Amino acid sequence: MSETGGSLIIKVQPVLTAEGRNYLEVSVADTGPGIPKELQERVFHHSSPPIKTAPALGLAIAKRYCSRT
């Protein structure tokens with residue numbers, strides 16, 4: 001991976017469903033170089049090796065949390 005970096009874009013907006021329920025929609029995007037192809041298959045598994053200095057554990061936790069809804 002290169003050290004080119006990028007921008008992180010986080011958007012949060014309120015949403016009203018047809019049933020009248022309110023919730024927040026969170027969107028996350030970036031302009032970075034992306035995850036190398038060889039790591040994409042296992043990036044959400046907690047046993048993945050660290051990518052540079054950032055372990056992939058955060059993505060595994062985020063996936064589990066988001067899957068609860």
Side-chain angles (χ1 to χ4, degrees):
M1 288 189 345
S2 67
E3 296 292 330
T4 59
S7 297
L8 180 64
I9 301 107
I10 301 173
K11 295 180 183 179
V12 180
Q13 63 183 12
V15 176
L16 178 63
T17 67
E19 297 83 21
R21 294 180 59 194
N22 290 303
Y23 68 93
L24 288 177
E25 179 179 85
V26 179
S27 303
V28 180
D30 69 66
T31 61
I35 299 169
K37 289 278 188 197
E38 64 272 11
L39 295 178
Q40 289 179 7
E41 286 291 320
R42 46 184 210 180
V43 72
F44 287 106
H45 298 285
H46 68 276
S47 59
S48 294
I51 300 172
K52 300 244 180 199
T53 59
L57 183 59
L59 291 176
I61 292 169
K63 181 181 179 189
R64 185 175 59 208
Y65 181 79
C66 291
S67 297
R68 291 181 185 177
T69 60

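Given the structure is predicted, the values throughout are model-derived calculations rather than measurements. Side-chain atoms are counted along with the backbone in the values below, which use heavy atoms only and exclude waters and symmetry mates.
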*Say whether Val26 and Leu8 are linked into one hydrophobic cluster, either directly or through other cluster members, by side-chain heavy-atom distances under 4.5 angstrom.*
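Val26 and Leu8: one cluster.
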*asked:* For residues Leu24 and Val28: do they belong to one hydrophobic cluster (side chain heavy atoms under 4.5 Å, members Ile, Leu, Val, Met, Phe, Trp, Tyr)?
replied: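 Yes; tracing contacts between hydrophobic side chains, which count when under 4.5 Å, links both residues.
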*So, the side chain of Ser7 versus the backbone of Thr31: is there a donor-acceptor pair under 3.5 Å, distance only?*
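Here the side-chain-to-backbone pair does not exist.
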*So, for Asp30 and Ile9, which heavy atoms are closest and what is the spacing to 0.1 Å?*
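Looking at all heavy atoms of both residues, the shortest contact is CA-CD1, 4.4 Å.
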*By side-chain hydrogen bond (donor to acceptor under 3.5 Å, both in side chains), which residues pair with Ser27, not counting sequence neighbours?*
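Here no residue qualifies.
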